[in-house]
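Take this structure, written in structure tokens, and hold onto it; I'll ask about it next.
Being a predicted model, the structure only gives us computed values, none of them experimental. Just so you know, residue 1 is the first one in the sequence shown, and it goes up from there.
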Amino acid sequence: MTEIPTLEPPTEQTMDTTPVFSVEGLWKVFGPKAERVPADPELTALDPAELRSRTGCTAAVRDVSFDVRKGEVFVVMGLSGSGKSTLVRCLTRLIEPTAGTIAIDGEDVRAMDRSRLRELRRHRAAMVFQHFGLLPHRTVLDNVAYGLEIQGMGKAERRERAAEVVAKVGLEGMEHRRPSQLSGGQRQRVGLARALAVDPAVLLFDEPFSALDPLIRREMQEEVVRLHREEGRTMVFITHDLQEALKLGDRIALMRDGRVVQLGTPEEIVGSPADDYVREFVRDVPREQVLTVRTAMRNPSADQDGSGPAVRPDATVSEAIEAVARAGAPARVVDEGRCVGVVDSDTLLGVVAGTEQPAPPGTEKSKEAV
């Protein structure tokens, strides 16, 4: 059984709830007179095939709303054609939205003129694409420094900054190679370094690793995990791969036919699927590697004697099962020195089997309310 490591979620004390991106009622419709679709309740109610038949239009993004919190990895996930790549391009108006609002740090993105949009894309929200887009005649160092050059930074300063970022992504010693001398994973690291060099408030990843072979892809995922832990930078990550979404995401928006069908933590999506589509999507996920003991713990009894192993509230069910099996006794769930719950083998195995349902958001067992 494949283990799915996950990012350690920010605690309530460290998570800043200020939204970096705030999206409300976003639509992107392709086709003739596209703007009429979001404005007509009869048209918005049509399924994709009916909408195309009646209007000749395709709604790639349909009435999507969400906030991206400062310091989180927000994953938008879905199959090909679900609208996820269109959505991320709308955030900086690489694709022009049809309707709805987008704000970055409270500023209306749709109201920005060309100058403000350039500033947004150069300084505040940097994109990392699947296709690296490196300049073949430039060295690694000069490719990484390219965004700084566009910003008008002097040559010595930008090369110094680029060298720092090249080292940060594990390419030290390769500064003077050209893209043709690099592997696919190394070229993607250059693309990541180029985005990091401009020190953006948020990194936008559009399926950046989907063309890489599995081993290099895993290495790049670990690189994103490491950079996030070291810098706490806000990231929006687009992927069609559920394993990648669960590994990287603090929260996941799962899309289908242009809509977000569920938004929640990996634990909420695996443990409490919103509908049959999501349930089928997560059917083969090893639940014990994603769900935490919060989903399984019961309140400690008044006469709890303090014996038995202790586990953290964010420990996975798999870790708790091992602790209970080793001790042959229920485990205490301890948070900051205080026993907040108890888990035993029956309850833990029930969560794995799906017979013990995770607590819904808003209860004391919940990891996080969406």
Worksheet item: Any salt bridge (Lys or Arg N to Asp or Glu O under 4.0 Å) pairs touching residues 77-102, not counting sequence neighbours?
Response: Lys84-Glu207, Arg89-Asp206, Arg93-Glu96
Item to complete: Please name the pair of heavy atoms, one in Val342 and one in Val333, separated by the smallest distance, quoted to 0.1 Å.
Response: N-CG2, 4.2 Å
Fill in: Aromatic centroids of Phe21 and Phe66 separated by under 6.0 Å
no
Discussion item. Once side chain to side chain donor-acceptor pair (under 3.5 Å) is applied, what residue pairs with a partner in residues 144-154 remain, sequence neighbours excluded?
Written reply: His123-Gln151, Arg138-Glu149
Worksheet entry | Partner set under side chain to side chain contact (heavy atoms under 4.5 Å, CB included) for Ala59, not counting sequence neighbours | Trp27, Val29, Leu51, Arg62
Discussion item. For Leu263 and Phe74: C-alpha separation, side-chain torsions, deciding distance, then whether side-chain contact (heavy atoms from CB on, under 4.5 Å) applies.
Written reply: CA-CA 10 Å; Leu263 195 164; Phe74 186 90; 4.0 Å; yes
Fill in: Sidechain N-carboxylate O distance under 4.0 Å for Arg233, Glu72
no
Fill in: Nearest heavy atoms of Asp67 and Val23, plus distance in Å
OD1-N, 4.1 Å
Worksheet item: Within a strict 4.5 Å, meaning less than it, do heavy atoms of the Glu175 and Thr139 side chains meet?
Response: no
Practice prompt. For residues Ala34 and Cys57, report the shortest heavy-atom separation together with the two atoms involved.
Written response: CA-SG, 4.3 Å
Worksheet, complete the sentence: Contacts of Ala329 meeting side chain to side chain contact (heavy atoms under 4.5 Å, CB included) (sequence neighbours excluded), chain-then-number -> none
Discussion item. Tell me every residue that passes side chain to side chain contact (heavy atoms under 4.5 Å, CB included) with Ala126, counting only those two or more places apart in sequence or in another chain.
Written reply: Ala195, Val198, Pro200, Leu203
Worksheet item: Can Val334 and Val311 be said to form a side-chain contact (heavy atoms from CB on, under 4.5 Å), step by step?
Response: CA-CA 6 Å; Val334 178; Val311 295; over 6 Å; no
Discussion item. For residues 22-50, which residue pairs pass the salt bridge (Lys or Arg N to Asp or Glu O under 4.0 Å) check, not counting sequence neighbours?
Written reply: Glu42-Arg54
Practice prompt. Please indicate whether Glu164 has more than 12 foreign heavy atoms, meaning atoms of other residues, nucleotides or ligands, lying under 6.0 Å from its CD.
Written response: yes
Worksheet item: Quick one: does Pro97's side chain get under 4.5 Å of Ile102's, heavy atoms only?
Response: yes
Discussion item. Classify the ring geometry of Phe209 against Phe237: parallel below 30°, tilted from 30° to 60°, perpendicular beyond 60°.
Written reply: tilted
Worksheet item: Looking only at atom types and distance, does a side-chain atom of Thr55 sit under 3.5 Å from a main-chain N or O of Arg52, one as donor and one as acceptor?
Response: no
Worksheet entry | Side chain proximity check, Phe30 to Thr86, heavy atoms < 4.5 angstrom | yes
Fill in: Approximate separation, where rounding is to 0.5 Å, of His240 NE2 and Ser82 OG
10.5 Å
Worksheet entry | Distance in Å, Ile216 CD1 paired with Arg218 CZ, rounded so as to fall on 0.5 Å steps | 11.0 Å
Discussion item. Going by side chain to side chain donor-acceptor pair (under 3.5 Å), name the residues that satisfy it together with Arg118, two or more places apart in sequence or in a different chain.
Written reply: none
Worksheet item: Does a salt bridge link Lys168 with Glu230, judged by any charged N lying under 4.0 Å from a carboxylate O?
Response: no
Item to complete: Evaluate the side-chain proximity of Val109 to Arg116: yes if any heavy-atom separation is below 4.5 Å, no if none is.
Response: no
Worksheet item: Looking at residues at least two apart in the chain, or sitting in another chain, which of them share a side chain to side chain donor-acceptor pair (under 3.5 Å) with Asp257?
Response: none
Item to complete: State, yes or no, whether a side-chain contact exists between Leu348 and Val324 at a heavy-atom distance under 4.5 Å.
Response: yes
Practice prompt. Identify whether the distance between the nearest side-chain nitrogen and carboxylate oxygen of Glu244 and Lys247 falls below 4.0 Å.
Written response: no
Worksheet item: Rounded to the nearest 0.5 Å, how far does CZ of Arg294 lie from CZ of Arg312?
Response: 9.5 Å
Discussion item. Test of understanding: with ring pair (Phe, Tyr, Trp, His ring centres under 6.0 Å), list the residues that count as partners of Tyr277, not counting sequence neighbours.
Written reply: Phe281
Worksheet item: At their closest point, which heavy atom of Glu223 faces which heavy atom of Val169, and how far apart are they?
Response: OE2-CA, 3.4 Å
Worksheet item: Which atom pair, heavy atoms only, marks the closest approach of Arg259 to Asp63?
Response: NH1-CB, 4.2 Å
Worksheet entry | For Met153, side chain to side chain contact (heavy atoms under 4.5 Å, CB included) partners two or more places apart | Leu148, Glu157, Arg158
Worksheet item: Do NZ/NE/NH1/NH2 and the carboxylate oxygens of Asp142 and Arg159 come within less than 4.0 Å?
Response: yes
Practice prompt. Flag the pair Thr265 / Ile252 as yes when at least one side-chain heavy-atom distance between them is below 4.5 Å, and no otherwise.
Written response: no
Discussion item. Under a 3.5 Å distance rule, please check whether Arg161 uses its side chain to pair with a backbone N or O of Ala197 as donor and acceptor.
Written reply: yes
Practice prompt. Flag the pair Thr239 / Val75 as yes when at least one side-chain heavy-atom distance between them is below 4.5 Å, and no otherwise.
Written response: yes
Worksheet item: What residue pairs, at least two apart or across chains, pass salt bridge (Lys or Arg N to Asp or Glu O under 4.0 Å) with a residue in residues 272-284?
Response: Asp276-Arg279, Glu280-Arg283
Worksheet item: How would you list, by chain and number, every residue that makes a side chain to side chain donor-acceptor pair (under 3.5 Å) with Thr234, sequence neighbours excluded?
Response: none
Worksheet item: Can you tell me how far CG of Leu254 sits from CG of Leu242, rounded to the nearest 0.5 angstrom?
Response: 8.0 Å
Worksheet entry | SB check Arg251 Glu267 (cutoff 4.0 Å) | no
Discussion item. Between Asn143 (side chain only) and Leu135 (backbone N and O only), is there a donor and an acceptor less than 3.5 Å apart?
Written reply: yes
Discussion item. Closer than 3.5 angstrom, by distance alone: can the side chain of Arg121 be matched with the main-chain N or O of Thr92 as a donor-acceptor pair?
Written reply: yes
Practice prompt. Kindly indicate, with the supporting measurements, whether the criterion side-chain contact (heavy atoms from CB on, under 4.5 Å) is fulfilled by Gln262 and Arg256.
Written response: CA-CA 10 Å; Gln262 186 167 1; Arg256 181 188 190 191; over 6 Å; no
Fill in: Side-chain (His228) to main-chain (Gly71) donor-acceptor, under 3.5 angstrom
yes
Fill in: Side chains of Leu94 and Met127 in contact at under 4.5 Å (non-hydrogen atoms)
yes
Worksheet entry | Considering all heavy atoms, the nearest Asp314-Thr292 contact | O-CG2, 3.8 Å
Worksheet item: Do the side-chain N and O atoms of Gln289 and Thr316 include a donor-acceptor pair separated by under 3.5 angstrom?
Response: no
Discussion item. Surrounding CD of Gln181 (heavy atoms of other residues, nucleotides or ligands, distance under 6.0 Å), is the total greater than 12?
Written reply: yes
Worksheet item: Is there a side-chain contact (heavy atoms from CB on, under 4.5 Å) between Thr98 and Val37 once you walk through the steps?
Response: CA-CA 9 Å; Thr98 305; Val37 174; over 6 Å; no
Worksheet item: What distance do Leu192 atom CG and Leu227 atom CG have between them, rounded to the nearest 0.5 Å?
Response: 5.5 Å
Discussion item. As an exercise, state the distance from SG of Cys90 to CZ of Arg110, rounded to the nearest 0.5 Å.
Written reply: 9.0 Å
